[in-house]
Amino acid sequence: MPELPEVETTLRGISPHVVAHRVTTVRVREPRLRWPVPPDLARNLKGQTITGLTRRAKYLLFHTHRGTMLLHLGMSGSLSIKPRQAPAAKHDHVDFILDGERCLRFTDPRRFGSLHWCGQTPLAHALLRDLGPEPLGPDFSGNYLYAASRGRRIAIKQHLMNARIVVGVGNIYASESLFRAGIHPLRSAGRIARIRMHRLVAEIRQVLTEAIAQGDTTLRDFSVGDGRPGYFQQALEVYGRDGQPCRRCGTPIRAIRQGQRATYYCVTCQR
DNA sequence: CCGGACGCCTGTCGGC
DNA sequence: TGCCGACAGGCGTCCG
């Protein structure tokens, strides 16, 4: 399910229910996620107050005085806030009881998500250590992306989805931002001019920002975890529009495969 | 170092 | 209707 905007929306939705609240019980029904849920996770977290909730790439970081829990939603994961005694459905794998009252529930049909426990320096964790800059942060600039693309023969679309280059640009927004920037997804990263990289970075930031804003709107209309929109019903320009006319020029949108992932683009608007 | 392929899972959908 | 393969928004790991 989640690309970065969905993760950010999840963070904003659950934050008020989680931050400054105490985890009184951890219930792991299914430890077989992408990696086994650490056996000591419950012991470490139990009794701790969540002092802060942050995000790095698509990981959510639950901070406590004893350490930090990392949570990744994988492709089909979601978090919801439920009453303490809410009956568990099929893919409800982990419950965190908060103040003995409410329940933060992790649901994930495909079990590509994961939970980790790490110490006081979570950013040093192996999964976070080598990640590139945040797409909405100050370090992600046209100059940076240009420099990070020198000598790279890989297609720009796959380059954007490389978390060592920049985090949080998933399959949907890679296609969408390349369309907005007028860049062909198959073009070699190393053969894109600096000025076009500036444009591309601006479009990535713009499309992610719009999606997050839409998430905020959605949050106002639906409480966290009635599981409402899986992903944003945003007006996507190319993603999933194979054969439909380009909104800009009318040429049918084309679908191809790049590294086992679907790519959508307009042959006329993107060069 | 780089780039490409694989695999972890379940659910859904289209075609026959 | 039932079966079967393809595919799904991620990403760490392995291999050449």
Side-chain angles (χ1 to χ4, degrees), chain A residues 1-10 29-38 55-60 70-79 88-94 106-116 118 125-132 135 147-179 185-191 204 207-208 210-212 214-215 218 227-243 255-264:
Chain A
M1 169 200 294
E3 293 221 15
L4 184 138
E6 289 87 337
V7 178
E8 182 65 27
T9 299
T10 296
R29 290 188 200 81
E30 175 54 87
R32 295 174 302 166
L33 303 183
R34 165 136 203 215
W35 286 285
V37 175
R55 179 185 62 72
R56 174 72 175 109
K58 293 173 188 163
Y59 290 90
L60 291 174
L70 305 185
L71 185 154
H72 198 289
L73 296 172
M75 246 156 112
S76 59
S78 63
L79 289 170
K90 190 167 181 194
H91 300 295
D92 295 344
H93 303 314
V94 184
F106 175 70
T107 305
D108 186 4
R110 289 175 73 180
R111 288 194 274 129
F112 283 5
S114 59
L115 295 172
H116 313 264
C118 48
H125 191 281
L127 292 171
L128 303 185
R129 202 177 41 203
D130 301 320
L131 294 177
S149 305
R150 294 308 86 199
R152 297 302 192 98
R153 310 192 66 165
I154 194 170
I156 182 63
K157 195 248 187 177
Q158 291 165 280
H159 194 57
L160 290 181
M161 293 179 66
N162 178 353
R164 301 175 79 108
I165 303 300
V166 58
V167 300
V169 182
N171 203 38
I172 292 179
Y173 297 111
S175 281
E176 291 296 312
S177 56
L178 286 168
F179 172 80
L186 290 172
R187 179 171 287 273
S188 284
R191 292 187 53 255
I204 290 169
V207 71
L208 292 177
E210 287 174 17
I212 290 169
Q214 175 141 6
T218 306
R228 274 303 302 149
Y231 66 101
F232 300 108
Q233 301 304 331
Q234 181 182 41
L236 298 176
E237 303 266 19
V238 289
Y239 188 85
R241 298 194 63 242
D242 188 17
I256 57 173
R257 292 195 76 75
Q258 284 183 280
Q260 350 268 80
R261 313 300 300 277
T263 297
Y264 300 87

Would the distance check show the side chain of R241(A) and the main-chain N or O of E237(A) forming a donor-acceptor pair, the cut-off being under 3.5 Å? yes
Ignoring hydrogens and angles, tell me if any N or O in the side chain of E6(A) forms a donor-acceptor pair with the backbone of E3(A) under 3.5 Å. yes
Y173(A) side chain reached by I204(A) side chain, heavy atoms, under 4.5 Å: no
Contacts of [X] that satisfy side chain to side chain donor-acceptor pair (under 3.5 Å) - sequence neighbours left out:
{"X": "T263(A)", "value": "K157(A), Q258(A)"}
{"X": "R29(A)", "value": "D95(A)"}
{"X": "R55(A)", "value": "E8(A), E134(A)"}

Qualifying residues under ring-ring contact (aromatic ring centres under 6.0 Å, His included), relative to Y59(A), sequence neighbours excluded: H72(A)
F106(A): what forms a ring-ring contact (aromatic ring centres under 6.0 Å, His included) with it, not counting sequence neighbours?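 Not a single residue meets the ring-ring contact (aromatic ring centres under 6.0 Å, His included) criterion with F106(A).
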Taking atom P in both dA5(B) and dC7(C), compute the distance separating them and give it to the nearest angstrom. 15 Å
Run the side chain to side chain contact (heavy atoms under 4.5 Å, CB included) test on K58(A) and L73(A) for me, step by step, so that the C-alpha distance in whole Å, both residues' side-chain angles and the decisive distance to 0.1 Å come before the verdict. CA-CA 8 Å; K58(A) 293 173 188 163; L73(A) 296 172; over 6 Å; no
May I ask you to evaluate whether R111(A) reaches the phosphate of dT10(B), defined as a side-chain N or O under 4.0 Å from OP1 or OP2?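 True: R111(A) side-chain N/O within range (under 4.0 Å) of dT10(B) OP1/OP2.
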For nucleotides 3-5 of chain B, tabulate all protein N/O to nucleotide N/O atom pairs closer than 3.5 Å, reporting atom names and distance.
residue, atom, partner, partner atom, Å
dG3(B), OP1, R153(A), N, 2.9
dG3(B), OP1, I154(A), N, 3.2
dG3(B), OP2, R152(A), NH1, 3.0

I want to verify a distance call: between dG10(C), dC7(C), dG12(C), whose nearest atom is closest to the F112(A) side chain? dG10(C)
Side-chain donor-acceptor pairs under 3.5 Å in residues 158-167 of chain A, sequence neighbours left out?
residue, atom, partner, partner atom, Å
H159(A), NE2, A148(A), O, 3.4
H159(A), NE2, S149(A), OG, 3.2
N162(A), OD1, R164(A), N, 2.9

Could you work out, with side-chain contact (heavy atoms from CB on, under 4.5 Å) as the rule, every residue matching P36(A), not counting sequence neighbours?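 Not a single residue meets the side-chain contact (heavy atoms from CB on, under 4.5 Å) criterion with P36(A).
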Whole angstrom is fine here: how far is it from CZ in R164(A) over to P in dC1(B)?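 Rounding to the nearest Å, CZ of R164(A) and P of dC1(B) are 8 Å apart.
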Side chains of residues 107-115 of chain A: which donor-acceptor pairs under 3.5 Å do they make with residues two or more places apart or in other chains?
residue, atom, partner, partner atom, Å
T107(A), OG1, D92(A), OD1, 2.7
D108(A), OD1, S76(A), OG, 2.5
D108(A), OD1, G77(A), N, 3.4
D108(A), OD1, R110(A), N, 3.4
D108(A), OD1, R111(A), N, 3.2
D108(A), OD2, F112(A), N, 3.3
D108(A), OD2, G113(A), N, 2.8
R111(A), NH1, R32(A), O, 2.7
S114(A), OG, H116(A), NE2, 2.9

Any N/O pairs under 3.5 Å between the protein and nucleotides 14-16 of chain C? List them or say none.
none

Just the table, please: protein N/O against nucleotides 11-14 of chain B N/O, every pair under 3.5 Å.
residue, atom, partner, partner atom, Å
dG11(B), OP1, K90(A), NZ, 3.0
dG11(B), OP1, H91(A), NE2, 2.7

Encoded 5' to 3' (Watson-Crick or G-U under 3.5 Å; [ ] crossing; | other strand), DNA chain B becomes .|||||||.|||||||
